[in-house]
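Here is the structure we will look at.
These numbers come from a predicted model, not from an experiment. Any value given below was found using the heavy atoms of this structure, including those in side chains, with hydrogens, waters and symmetry copies removed.
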Amino acid sequence: MDAKAAMSTDGAAAKAPIRKRRWQPSPINERRWRNFKKNKRGFWSLWIFLVLFVLSLLAPLIANEKPLIISHDGGYYFPIVKFYPETAFGGEFETEADYRDEYVQELIAESGGWIAWPVLRYADNTINYDSPVAFPAPPSAENWLGTDDQGRDVVARLIYGFRISVLFGLVLTIVSSVIGVAAGAVQGYFGGWTDLIFQRVIEIWTSIPQLYLLIILTAILKPSFWILLSVLLLFSWVALVGVVRAEFLRTRNFEYVSAARALGVSNAVIMFKHVLPNAMVATLTFMPFILNGSITTLTSLDFLGLGMPAGSPSLGELLAQGKENLHAPWLGMSGFAVIASMLSLLIFIGEGVRDAFDPRKTFQ
């Protein structure tokens with residue numbers, strides 16, 4: 001009887017569904033996250049920056065010269081995602097409707113329709129032709145922070161410029177970090193002549209005057225987001241090489257690395273699976289500061305006229321306009337406030353990450 005009961009119990013256990021183990025962060029990562037949250041300045045800076053970044057990604061829904069939704073003759077139109085000619089609303093022209101024109105608005109109202117506008121009725125390149133004063137116009141109910149010297153709304157330029165600056169900095173930081181970590185890992189792990197040759201190449205490469213190269217390329221090529229990113233990437237990848245190289249030089253002769261070699265584990269697996277996690281601590285600590293430097297570089301180049309194409313929403317270009325139009329202080333002050341706030345938030349985040357990864361740092 002006992003044997004049968006045992007067999008039935010074993011059978012029930014065998015038929016029972018196997019529960020998947022829930023993923024849980026490691027204790028060291030939990031400690032790091034707790035330390036980061038206890039750094040109130042860094043923690044709240046992260047949330048504020050994320051909110052601002054998400055809002056900037058939704059810039060076309062916040063600041064746009066086209067309505068979000070139009071109701072006309074019982075149908076619904078979405079101008080921000082689709083082209084509609086003026087004839088679609090009872091007009092005369094086959095070109096795209098000027099939704100800011102009172103004539104088009106009257107056509108929609110006469111059909112019993114309505115228009116849902118964004119919070120700000122200006123895109124980054126929309127010119128306020130109805131401004132009662134000369135450009136640059138001072139702040140008003142229509143243009144909250146005034147207009148620049150071409151009649152474009154400053155708030156819209158700031159929103160779109162913030163988005164371009166952060167996206168440019170993120171892409172440049174991520175790609176350059178991947179290249180820099182790989183180069184530093186190869187140097188530090190193999191050492192010897194490999195490390196020596198790489199170091200001499202890096203010394204020669206970093207001695208090239210970056211600004212002169214940008215001036216030459218700007219004269220030859222038409223500046224764009226990707227061309228500027230590629231040129232800066234040629235030099236920015238060096239930032240993390242020294243940190244990663246030092247960590248690999250320190251750990252390449254540890255016992256667990258020697259044991260992995262003795263077991264026949266390939267160098268690539270040892271480098272990127274066993275040694276790299278130790279080097280990522282320093283890498284993640286430096287990344288917010290590298291992002292800060294990338295954004296500052298783009299702003300500086302735009303200020304000098306060597307950055308984004310003319311007409312692109314740029315914080316550096318707004319600062320340059322403030323320098324050229326000292327009688328319009330709202331231009332320089334607005335650009336400075338956004339840049340200073342953004343860089344300060346990134347610095348606070350970087351300090352929080354640095355403290356979180358520091359094993360000697362404790363918070364009460």
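Nearest heavy atom pair, residue L172 against residue S294, reads CD2-OG, 3.6 Å. For N253 against S258, the heavy-atom pair with the smallest separation is O-OG, 4.1 Å. Taking each heavy atom of G350 and F289 in turn, the nearest pair found is C-CZ, 3.6 Å. Taking both residues in full, the closest heavy atoms of A185 and F248 are given as CB-CZ, 3.5 Å, listed atom of the first, atom of the second, then distance.
A distance-only check finds a donor-acceptor pair linking the side chain of D153 to the backbone of A156 [under 3.5 Å]. At least one donor-acceptor pair closer than 3.5 Å links the side chain of S111 to the backbone N or O of I108. No donor-acceptor distance shorter than 3.5 angstrom exists from the side chain of T87 to the backbone of E94, with no hydrogens or angles considered. The backbone N or O of N125 lies less than 3.5 Å from no partner atom in the side chain of Y160, so there is not a single donor-acceptor pair. Put simply, the side chain of S207 gets close to the backbone of I204: a donor and an acceptor are under 3.5 Å apart.
Under the 4.5 Å side-chain criterion, counting only non-hydrogen atoms from C-beta, I70 is not in contact with Y84. No side-chain heavy atom of P288 sits under 4.5 Å from any side-chain heavy atom of L291. When side chains are defined from C-beta on, L234 does not count as touching I208, because their heavy atoms never get closer than 4.5 Å. At least one side-chain heavy atom of M308 sits under 4.5 Å from a side-chain heavy atom of L298.
The stretch residues 301-320 participates, sequence neighbours left out, in these salt bridge (Lys or Arg N to Asp or Glu O under 4.0 Å) pairs: R152-E317, R157-E317. For the side-chain hydrogen bond (donor to acceptor under 3.5 Å, both in side chains) condition, the pairs that include at least one residue of residues 177-201, sequence neighbours left out, are Q187-D195, Q187-Q199, Y189-R261, Y189-N267, D195-R245, R200-E203.
In the hydrophobic clustering of this structure, L346 groups with I48; members are Ile, Leu, Val, Met, Phe, Trp, Tyr whose side-chain heavy atoms approach within less than 4.5 Å, directly or through other members. In this structure, L240 is not a member of the same hydrophobic cluster as V178, with clusters built from ILVMFWY side-chain heavy atoms closer than 4.5 Å.
Within 6.0 Å of OH on Y212 lie no more than 12 heavy atoms contributed by other residues, nucleotides or ligands.
The aromatic rings of F49 and F53 sit parallel, their planes meeting at an angle under 30°, below the 60° perpendicular limit. Ring orientation note: the planes of F36 and W33 are close to parallel, at an angle under 30° on the 30°/60° scale. Ring geometry for H72 against F89 counts as perpendicular: the plane angle is over 60°, on a 0 to 90° scale with 30° as the lower cut.
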Report, one line per pair, each donor and acceptor closer than 3.5 Å where one atom sits in a side chain of residues 225-232; sequence neighbours left out.
residue : atom : partner : partner atom : Å
S230    : OG   : W226    : O            : 2.8

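F190 does not carry R252 over the face of its six-membered ring by the limits of under 6.0 Å from the centre and within 45° of the normal.
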